[in-house]
Amino acid sequence: MTADIQPTPRQLLPADFQVTDWLTLEPYFKELLERNISSLQELEQWLKDLSELEAVISEDACWRQIKMTCDTENPQLAESFNYFMMEIQPKIQPYSDLLNRKLVENPFTQELKEPAYFTYLRNVKKSIDLFREENIPLQSELAVEAQQFGVISGKMSIEVGGKEYTLQQAAKFLEDPDRNVREEVYRKIAERRLQDKDTLNALYDGLLKKRNQVALNAGYENYRDYRFAELGRFDYTKEDSFQFQDAVKQYVLPIVDEIYKKKQAKLGLDSLRPWDTDAEPVGIEPLKPFKTGGDLLQKTVTCFEALNPFFAACLEKMSQLKRFDLESRKGKAPGGYNCPLAETGAPFIFMNAAGTLNDVITMVHEGGHAIHSFLSHPLSLTGFKEYPTEFAEVASMSMELFSMNEWGVFFEKEEELRRAKELQLERVLTIFPWIATIDKFQHWVYENPSHTHEERLQNWQRILTEFTPASLDVTGLEAYRNYSWQRQLHLFEVPFYYIEYGIAQLGAIGLWQQFQKDKEQALNNYTNALSLGGTRTLPQLFEAAGLKFDLSPAHIKGLMEFVKEEMDKV
């Protein structure tokens, strides 16, 4: 298997065609809409041409967004993205709906072979059901306004020791052996966020109002129910989400509580505060796994090579194509992502590296996404490559666990490697309460769209407290904690995208269980399942990976016990 990825060949569009405005695009939509389809063969060619058009437009839109997140202070890049969202995308949507209807109404559609077309046509029918002309301007406005979160956050910085740091860069001081330094930086970060709390509250208000209107226009009671349909959550319900939240409270929170008690004892503290959770005892220096973004990339390539040469080849191909922006800097949007590029195939990885273990985890996580992009790119239709987000995160979170045995490339000393593995396994568990918190908060927010700021505050406090381990002392930090939801990018940019991390972590732990027993079989299951893209249902993708799609408390309990056992071995 090689990573010599081939761009989707163009047959409909000229090789030099670029998306500039609607006038140059519209003729291709018209031709597809008016084309006569009188055989199965003609239908399959029509689908390939439609797929090509979708890939070209998707990649153009992605590049506009990538460039804007890399430099939020460049007005031309923001203008380019906004132009697409306000002037081109709204004109595409009515045509997309008409083309979807042309497809489902064609008699030869019934002859398209299963199973690849089952999930594809299911998504097409879902899009038809959700489409409303009056939602087009609202959805364009939402796409533009949601990006303001990155603009606001990209400007945030603090001063430590007379030097300016982005909040992502400053986070490394939370690992400092000096507790006073940790607390000072924790409070500075929190205070800086509070400066924009009213701006972010107002931004969220506007997003909620428009999202709720989109749902009402489509005939839904609330945006939560609409969004479940829009995200294609065909295989689980809101009740499953509630069950997941309860399972986290029942089976994960007690283990997290235990982890924090051990950390408190290890640090010799009277109480464990939020600025202590990433710290080591005095005398033990913070882990420094790499120096620069280039160093991080090269070490990750070496790490992936030891797992599977194809994994390393994917990153090397991306490096040749300049598909990385890794280091944190002022004016850059927060967070990290892997952006699939539908036409050329090799994706783009964006992150805010500052030299910490968390950056290593982010890099291998996004690297897992990148491998998914490579493996699914050869599928014949763009729609086949649109895999469920819950399984996309299995690709990335499994890689965090698979790669641990090869982390010696980042940590030459055996003791540092042991610490890194221990911290990663702690993180596998400690992330669950935050996932449940964000998920439960979103359910409340969208079930109660006309809530006041005070009601939002009270319910955030209630839900946050529900999932905060008793061993973490948060006394006197209410002012910071009251608005801690505002640091979560997903609430602003991709609503309801968060339980996916929880579902995927369960899958990743299951694959890691396989890996511990038979490395080759686990990696084969992983690559085979990822190669299917979106051509199977979510439970079928889990099955292809040798996993069971199960959100029951009993299943979650078993997986948590396995991780705990593995932690005890480190």
Side-chain angles (χ1 to χ4, degrees), residues 174 186 190 193 204 224 236 238-264 271-278 358 390 393 397 423-448 451 455-492 494-506 508-509 551-561 563-564 567:
L174 298 175
Y186 175 90
R193 289 192 188 281
Y204 200 52
R224 188 265 317 279
Y236 63 101
K238 63 180 185 294
E239 287 75 22
D240 290 314
S241 297
F242 302 150
Q243 184 176 244
F244 169 83
Q245 294 161 14
D246 290 340
V248 169
K249 201 186 310 182
Q250 194 174 350
Y251 296 116
V252 187
L253 208 54
I255 303 175
V256 174
D257 208 38
E258 208 176 297
I259 289 169
Y260 283 170
K261 281 176 184 168
K262 281 184 184 172
K263 194 169 283 280
Q264 181 184 333
S271 69
L272 189 79
R273 303 286 270 164
W275 47 83
D276 299 320
T277 58
D278 293 328
N358 277 344
E390 297 85 353
E393 298 301 342
M397 291 176 136
L423 289 166
Q424 162 61 357
L425 292 182
E426 285 178 3
R427 188 176 168 276
V428 166
L429 296 172
T430 56
I431 193 175
F432 275 103
W434 183 249
I435 292 168
T437 302
I438 293 295
D439 189 50
K440 189 163 187 172
F441 179 59
Q442 294 199 85
H443 280 274
W444 179 85
V445 161
Y446 290 106
E447 283 172 357
N448 301 278
H451 63 263
E455 288 168 333
R456 186 187 299 169
L457 178 68
Q458 287 170 0
N459 282 278
W460 170 250
Q461 287 172 328
R462 171 181 62 81
I463 295 165
L464 182 61
T465 302
E466 192 179 335
F467 291 101
T468 299
S471 52
L472 188 67
D473 181 2
V474 294
T475 312
L477 302 176
E478 291 77 17
Y480 303 150
R481 283 167 60 80
N482 286 346
Y483 295 94
S484 53
W485 61 270
Q486 291 185 346
R487 71 173 194 254
Q488 194 59 60
L489 171 149
H490 300 70
L491 293 172
F492 294 87
V494 273
F496 273 100
Y497 189 155
Y498 216 64
I499 194 173
E500 284 87 344
Y501 294 108
I503 293 170
Q505 191 74 290
L506 301 177
I509 293 166
L551 301 182
S552 71
H555 182 64
I556 292 173
K557 180 175 185 269
L559 291 173
M560 295 307 112
E561 286 170 351
V563 177
K564 193 168 180 298
M567 283 178 68

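Residue indices begin at 1 and follow the sequence shown.
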Treating [X] as the side-chain partner and [Y] as the backbone partner, does any N or O pair qualify as donor plus acceptor under 3.5 Å?
X      : Y      : answer
Arg273 : Thr475 : yes
Asp278 : Leu174 : no
Asp257 : Leu253 : no
Asn459 : Glu455 : yes

side-chain contact (heavy atoms from CB on, under 4.5 Å) between Trp485 and Leu464, intermediate numbers included: CA-CA 9 Å; Trp485 61 270; Leu464 182 61; over 6 Å; no

Criterion ring-ring contact (aromatic ring centres under 6.0 Å, His included) against His451, the qualifying member of Phe441, Trp444, Tyr204: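 Between His451 and the candidates, ring-ring contact (aromatic ring centres under 6.0 Å, His included) is satisfied uniquely by Trp444.
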
Contact check, side chains of [X] and [Y], non-hydrogen atoms, under 4.5 Å:
X      : Y      : value
Ile499 : Gln442 : no
Arg224 : His443 : yes
Ile259 : Leu429 : yes
Glu426 : Val563 : no
Phe244 : Asp240 : no
Met567 : Val428 : no
Lys263 : Asp276 : no
Val256 : Pro469 : yes

For His490, ring-ring contact (aromatic ring centres under 6.0 Å, His included) partners two or more places apart: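 By the ring-ring contact (aromatic ring centres under 6.0 Å, His included) rule, His490 matches Tyr497, Tyr498, Tyr501.
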
Give me the atom names and distance for the closest heavy-atom approach of [X] to [Y].
X      : Y      : result
Ala504 : Met397 : CB-SD, 3.9 Å
Met560 : Leu506 : CE-CD2, 4.0 Å
Ala247 : Ile556 : CB-CD1, 3.6 Å
Pro254 : Tyr251 : CD-C, 3.9 Å

side-chain contact (heavy atoms from CB on, under 4.5 Å) assessment of Arg462 paired with Glu466: CA-CA 6 Å; Arg462 171 181 62 81; Glu466 192 179 335; 4.2 Å; yes

Between Ser484 and Trp460: side-chain donor-acceptor atoms closer than 3.5 Å: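 Their side chains do contain a donor-acceptor pair, which is all the 3.5 Å distance test asks for.
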
Pair Phe496 + Tyr446: ring centers closer than 6.0 Å: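 Yes; Tyr446 has its ring centre under 6.0 Å from that of Phe496.
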
